[in-house]
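What follows is one structure encoded as structure tokens, with my remarks underneath.
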Amino acid sequence: MFESLTDKLSSALRNLRGVGKLSEDNMADALKEVRTALLSADVHFKVAREFVERVQAQCVGQEVIKSVTPGQQIIKIIHDELVRLLGEGTTDLSPARPLKVLMAGLHGSGKTTSTAKLGRLLKKRGYRPFVIACDVYRPAAIDQLEILAKQEELGFYGDRVSKDVPAIGAAGLAAAQAAGADAILFDTAGRLQIDADLIEEVKKLRARIQPDEVLLVADGALGQEAVNVAKAFHDALQLTGLILTKLDGDARGGAALSIKSITGVPIKFVGTGEKVADFDTFYPDRLASRILGMGDVVSLVERAQENIDQKEAEKMAEKLRKADFNLEDFLAQLQQVKKLGSMQSIMGMMPGMSGVALPDDAEKQMARTEAIIKSMTLQERRKPDVLNGNRRLRIANGAGVKVLEVNQLMKQFQQMQKMMKMLKGGGAKKMMRQMEGMKGKGGFPGF
Amino acid sequence: MFGLFKKFKDGLAKTVAAITEKTHGLFGGRTIDASSLETLEEALFTADFGVATTGEILTEIKAASRKDKELRGQEAAAIGAAVLRRVLTGSERALTAAPTAPTVIVMIGVNGSGKTTTSAKLGWLLKQDGKSVMLAACDTFRAAAVEQLKSWATRLDLPIVASHTGADAAAVAFDAWQAAKARGCDYLIVDTAGRLHTKGHLMDELAKIRRVLQKNDPTAPHHAWLVVDGSLGTNSIEQARVFHKSFGLTGLVVTKLDGTSRGGAIVGIWRELGLPIYFLGLGEQPEDLQPFSAENYAKAVFGLET
């Protein structure tokens, strides 16, 4: 569904070859594509328009560099601008101790789960966290927080009788302080930003507990509505940050740009899974790539790191970089990949592959592929060129498949090699450089 | 019927306000010009209708205004509503009972879309209609999800089959069907755990629920509904596509439309997948689950009198 923006731009800019400078005229089509890409990534209409205007201003007058295509050049400008916008402000929390954090947001955005996740993270950072259940409306919301708190060994306060939210907050705060907690998190009920009574309630809670951080919890798949939500919550509560949830799905996350542009508050954390541990500091470059449909290589690498043997990964990275990759590597790769989760979700994170639909029986297909490669001799795996008709027949018999399937696999493999050579030439270089840069920060030891 | 109609309109009132506010009386008496077309485009985009539907509506209104330089806003709105109505032709669907009871309805969706609340509301609605209903608490994953549905069941006085968190969801579904059959219930509503459509193993669990239900009744589940959060954007379409492909959906319920979101993504889902829309969630109360009407929806979006 999502064609990558790079592809779209390349076709829009095809007639730009031979043009020396970017101008408003020759970029018109390309900028239209940029706008459409942003809109289909759920960036708000106005935010998208302003963004495109800014990018246009930056592009016009630039020399078209010969070594790269104009499309890539514009993508870089867009990407950098997105990273700048998304990354403004600090992801650090207030240094106050005790640190009081108020969580707010729409129904089902993930406040209770995020409260537990943030509690866990703060505990790891040396705080003594304490969570307070201020959602008195949703049935069993208090139970949910209590269970999660117990599970993560966080302090907990809840009141199943009272409906007076500010009073519950104050009582919880006192209980937390008495327990010697120094990170106190208030989980609140989901509310619509236009529900005057409930907004008034959370304002009162805010006034009563005087939080150091007020975090809006927003679903990463929010649509155009994100702007209304963010604006109303910001007006009511003076937000200090944003938590973007459910980023383990395949939403492009354009809502984050909308919210950032409207409120100016920094995006601090992202929720990346159902487990309480699936919570992370925000990295603007990853989200920028995602919004632009350029894949989320870094997240893929991280997921890989959790599951993949490190030396193996290093070797693989080197081979990918050199586009030197044989069937033996392919087999090793397959076996590693199986640990990573569904094929489709992995493809979604690969640059330029987000739109590639996998057949229903992709996993079975993988098993067959494995069987085929395992039926080859080492020589055949290393030098697939030697595969003649006889060899293919033998392999097919050995793997219990038809020769046709062996042929198909070889064809796929060749395509893959071709793609890697392409990656080697263009976007991949930048990717690798980025990862190289992160190496210093200790983020990506594998690369 | 009139009561229902009014409720629908009231529920979408804020939606109407939001669109008409944005269009600054665009749909009033003034004639349409270039700048009002641009405003219209913005209003349509911010309703999450998607690029295709927005383009279609704009094209027709532009064509009409070329033909008739004096085209009034009100007429443009009528054209827009007509296009939307046309796009949504066939998208309404009323809940039908299976030949043999219980009619099984499975609620599916991503985390936080409102499955549990919708299950409870639907149970209440059917009960009001004189039907007997059994709830099955098959979200055994999220902490306290079972308690959430149980507490609804108590509040609305509906029977429920539930186990504990961590139990096998398919086993609960099996037991619930047996209980519903034994009690002679007309409907069995199966609430499932929220799952992102990108998680293969969780999708497998859904398939297991289906298999187990089919051991009891080969025609079950009779309805498999995707519960869609109306405030989400284009990703809803992707969600629907993947759930449909792996589980075989029969329709949609769209929730949280009592805010200012237009839930336009349902138009995209209908266009792409042809999944009919059964109900809209227009508020937090049990009676706020309303049958979908394409006519009313299209008119409400364009601020026309219904």
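Excluded from the calculations below are hydrogen atoms, water molecules and symmetry mates; all remaining heavy atoms, backbone and side chain alike, are included. First the proteins, then the strands, lettered A, B, ... as listed; each starts at 1.
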Enclosure of B:E38 CD (heavy-atom neighbours >12, cutoff 6.0 Å): no
A:E153 atom CD, over 12 foreign heavy atoms within 6.0 Å: no
A:R35 versus chain B, the contacting section by heavy-atom distance below 4.5 Å: side chain
Per-residue contact mode, A:I147 against chain B (heavy atom under 4.5 angstrom): side chain
Ring geometry between B:F49 and B:Y297 (parallel below 30°, tilted from 30 to 60°, perpendicular above 60°): perpendicular
Derivation of the side chain to side chain contact (heavy atoms under 4.5 Å, CB included) call for B:L122 and B:F279: CA-CA 9 Å; B:L122 180 65; B:F279 291 98; 3.7 Å; yes
From B:T117, B:T116, B:T118, residue fulfilling side-chain hydrogen bond (donor to acceptor under 3.5 Å, both in side chains) relative to B:D191: B:T116
Interface moiety of A:Q193 toward chain B, non-hydrogen atoms closer than 4.5 Å: side chain
Residues from residues 154-166 of chain B approaching chain A under 4.5 Å (heavy atoms): B:R155
Candidate pair A:E201 and A:L198, rule side chain to side chain contact (heavy atoms under 4.5 Å, CB included), full reasoning: CA-CA 5 Å; A:E201 177 198 272; A:L198 283 184; 3.9 Å; yes
Heavy-atom pair count under 4.5 Å with chain B, highest-scoring of A:K246, A:R49, A:Q151, A:E146: A:K246
Trace of the salt bridge (charged side-chain N to carboxylate O under 4.0 Å, His left out) decision for B:R271 with B:E56: CA-CA 12 Å; B:R271 285 187 84 119; B:E56 239 167 85; 2.6 Å; yes
Lys NZ or Arg CZ of B:R210 over B:F247 ring: under 6.0 Å, within 45°: yes
Proximity breakdown for B:L149 and chain A, heavy-atom pairs closer than 4.5 Å: neither
SB check A:R252 B:E238 (cutoff 4.0 Å): no
Max heavy-atom pair count under 4.5 Å with chain A, selected residue of B:S113, B:S231, B:S151, B:G114: B:S231
Residue part contacting chain B, namely of A:L106, when any heavy atom lies under 4.5 Å: side chain
